[in-house]
2 protein chains.
Amino acid sequence: MKPTIYDVAKEAGVSIATVSKVINNTGKMRDSTRENVKEAMLRLNYQPSLMASALTGKGTETLGLLVPDISNPFFSEMARTIEDRAHESGMSVIMCSTDENPEKEKKYLELLQRKQVDGFIVASSFQDKNLLKGLKKLRIPLVMLTQDDIGLDVTSVSVDDFKGGYEATSHLITAGHRNIAIIAENANSSKMRIYGYREAHAEHGLICSEENIFQTTASITNGKECLKEMVQKENVPTAIFACNDLIAIGVIQGAKELGLKVPEDLSIVGFDNTILATTTVPALTTVAQPITEMGNKVVDVIIEEIKEKNRGKERVLFNPQLIVRGTTTSID
Amino acid sequence: MKPTIYDVAKEAGVSIATVSKVINNTGKMRDSTRENVKEAMLRLNYQPSLMASALTGKGTETLGLLVPDISNPFFSEMARTIEDRAHESGMSVIMCSTDENPEKEKKYLELLQRKQVDGFIVASSFQDKNLLKGLKKLRIPLVMLTQDDIGLDVTSVSVDDFKGGYEATSHLITAGHRNIAIIAENANSSKMRIYGYREAHAEHGLICSEENIFQTTASITNGKECLKEMVQKENVPTAIFACNDLIAIGVIQGAKELGLKVPEDLSIVGFDNTILATTTVPALTTVAQPITEMGNKVVDVIIEEIKEKNRGKERVLFNPQLIVRGTTTSID
DNA sequence: ATGAAAGCGCTAACAT
DNA sequence: ATGTTAGCGCTTTCAT
C-alpha cells in the first residue's frame, strides 16, 4: 500500500498533525522535528494524497481547459504554453475538446466541476453562455481566452480582433486590391475581424459588398469549399482574408486545384500564425496572435482569480501582428 | 455551498446510504424511492464529488497522458482521439509534455500519481525506464504508445516501425534511388525504422553507408540543419527518408533554400502523416500511422488494465501505410 | 512545540 | 428495503 500520513507519523514518532504541518510548511516547530519528519517521508517515499487534501477544502491544483479542438494547431500550441505555465505554479491541466457542440460543452463543464477543478479556461467560442453564467453563480473562477462576451462579466484574454482584421485588410487594400473577400468563422472573434475589415474599407473610401463576406467553420476543407463557391458564383476576388490559417490553407489548396496562382492571381492572408503558416509554399502571410504571451497571461489571470475569488474583472487585449510572407502581392 | 449527499438525503427523506445506492446504481430498493431520490438530486442540482468517492478507494476516472510535446501535430492528433475515446468511458485526460526531459518525466509522473490517476499512457519515448518500472511495482496500470521496450514487461500499442522503414525505403529504391539518407530520431521507434531501412537495402542487394544515417530530434529546424550538413559534406543523396513529418518539412524547406528542387533533385519521404503532410507543396509522401485506431486502442487497453489489474501484457502492432504524394519521384 | 479530535463527502459492510 | 456507522487521508482548531 501507498504510505499515508499515519505511516509517516509513526515512522517519525510524531502525530499526524505535525506531519501535516511539515507538508504544508505551516505552523512552528523545532527544526530538528521538521528534519526528522522530512527524512521519514523520504524513507517511505511518501506522497501526500491530493484527493484527501482536496476533500478538506483545499484546491485540486487542476485547471480545466475547454477548447474547440485540441488537434487544431492553434489550440495545441496554445495548450502547450498553458500547460507549461500552469505547471510552474504546480497546477495541471485537463483538456477537453468541445467541437463547439453545446452538449459536449455541458457534459465537460459538469464533469470538470465534479472533479472540482480550481478554475476554467474557456477558449474561442462557447455556444451556451448560460452554462458560463452558471459557473459564475457558483463563484467558480473562469477566464475566457480568445473571445469575450460583452454580456458576461468575466475576465478575458484575447487578441485585438478588430485591429487584426483591420490590418490584414489594409495590407491588401494598400497593395491595390479592390475586390477582397473575407471568410469568417461563426464566432464572436470573427465578428470583430469583420468589423475591422469593414473599417479598413471605409477608411480608404471603399465600399465592401456583403457578397464578399463568407462564414464557415474552421477547416481546410471548408476553406477550399468557400473558394469554389466564389468561383461558381463567378465573383472571384483578387484577394481573400481568411479568419484563420486552416481556412487560408484550404484556400491555397483550392486555388491550386482551380489553376489560380498564389499570389499572382489570388492573394491570401490568414490569421493565427500557427506552424501551418510556415509549411505552405509560398509561406502564408498571416496575422499573428502572440500565443505564448496569451497563454502565459491567461494562466496568471486564472490563478489570480483562484487566489482571491472576487477580483475586478479585466479584459486583456493583445496586439496582433501582421506577418507578411509569400501569399500576398500587390496588383497593377 | 454545493449540495452534498446529506442535502439530497434530507431533501428526499432518506438516508445517505440510499442516496449513495442510487448514485452508483447498486443495491435494491423500491422504484418509487429511487425516483424520489433522483428528483431530489435534480432539484438541488446535485453533483456527487469525485474527490470524496476517490478517497474511498474508487477510481478518479482520470487518465494521465505523457507525450513529448502536445504542440507537435502528431501528438495533438493522437491526443484528440484519446480524449474522445476516454470520454466515451467517462474518463478524462490530463496531458503533460515531457520534452523528453527526464526531470519533467519524473515530476509529472509523481504529480499524476498524487492526483491518483487511474492509469498512464506514455507516448513515444520515455527516457528514464526506471521510473516506469516504479509504476509497475506499484501496480499502477500503464500502457506505452508508439514505443515499446523489450526490457519492460508492459502492454504497448505501436505501429510496425520496421515495416514502415522498410516500405519507405523500398519505395525509394524501387524508384531508382541508390543514395538514400535517413534522418532518424533518438528513439527506439526510429531504431526499428533504421533496421527497416537496412533491410530494404539488403533485400535489393544494396549496401547502405553508415554516413547516410543521421540522428536528430524532431523539429523543422533540425531537418533543415541535417540537409545542410549533408550538402556541406558534399554527399548529397538523391532521396531522404525522414523519420517524421516535421523533419521532412525541414528538409523540404532546406532544399528550397539551397536551390534543390523537390522531387526532381531530391525525393523525400516522411513518417506519421500528420496534417502537415497535406499542407506542403508538393504534398508529402509519407508513412501513415493509423492515429485514430491507435488512439482508440490504447484507451481500450488501458481501461482493460484498470478493470482487471494483472492482465496478460499484450503488444499491439498496427500496420503503417505508405502514402505516395508529391515529394517522391523516380530517377534516371 | 506538539497532539487529540472533528470533519470534508462519500462507500460499503453490517444492522434493522 | 432502508439506515447506521466506520473508515478513506488529510487539514485545522483547540488543548496540552
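In what follows, chains carry the letters A, B, and so on, assigned in the order in which the sequence lines appear, proteins first and then strands, with residues in each chain numbered from 1. Heavy atoms only: backbone and side chains are in, while hydrogens, waters and symmetry mates are out.
Between A:D31 atom CG and C:dT2 atom C1' the separation is 15 Å, expressed in whole Å. Remark: P of C:dC8 and CZ of A:R114 are 20 Å apart, rounded to the nearest angstrom. Following rounding to the nearest Å, A:I16 (CD1) and D:dT11 (C1') show an atom-to-atom distance of 9 Å. Atom OH of B:Y6 is separated from atom C1' of D:dT4 by 10 Å (rounded to the nearest Å). As rounded to whole Å, 14 Å separates atom C1' of C:dC10 from atom CD of B:Q116. As rounded to whole Å, 9 Å separates atom P of C:dC10 from atom CG of A:L55. Atom OH in B:Y46 sits about 10 Å away from atom P in C:dG9, given to the nearest Å. Rounded to an integer number of Å, the gap from CE of A:M51 to P of C:dC10 is 15 Å.
Here B:S15 does not reach the OP1 or OP2 of D:dT2: none of its side-chain N or O atoms lies under 4.0 Å away. Taking side-chain N and O atoms only, B:S20 has a distance below 4.0 Å to OP1 or OP2 of C:dT11.
Of the candidates C:dG7, C:dG9, C:dT2, C:dG7 carries the atom nearest the A:T56 side chain, counting heavy atoms from C-beta on. Of the candidates D:dA1, D:dC8, C:dG3, D:dA1 carries the atom nearest the B:R30 side chain, counting heavy atoms from C-beta on. The side chain of A:I23 lies closest to D:dT11, out of D:dT11, C:dT11, C:dG9. When distances run from any side-chain atom of B:P48 to the nucleotides D:dA1, D:dT12, C:dC10, the shortest one goes to C:dC10.
Heavy atoms only, all atoms of each residue included: B:S158 and B:T146 are closest at CB-CA, 3.8 Å.
As judged by a 4.0 angstrom heavy-atom cut-off over every strand, B:S49 is placed among residues touching the sugar-phosphate backbone only. Residue contacts shown for B:V19 are absent, as no nucleic acid heavy atom lies under 4.0 Å away. Across all strands shown, A:K21 has heavy atoms under 4.0 Å from base atoms, whether or not it also approaches the sugar-phosphate. When heavy atoms are screened at a 4.0 angstrom cut-off, A:T26 is found touching no nucleic acid atom at all.
Remark: B:D128 pairs with no residue by the salt bridge (charged side-chain N to carboxylate O under 4.0 Å, His left out) rule, at least two apart or across chains.
With contacts defined as side-chain heavy-atom distances shorter than 4.5 Å, the pair A:I82/A:M78 qualifies.
We find that A:E110 and A:K106 are joined by a salt bridge, their nearest charged nitrogen and carboxylate oxygen being less than 4.0 Å apart.
The side chain to side chain contact (heavy atoms under 4.5 Å, CB included) with B:T60 is formed by just one residue from the set B:Q116, B:M51, B:M91; it is B:Q116.
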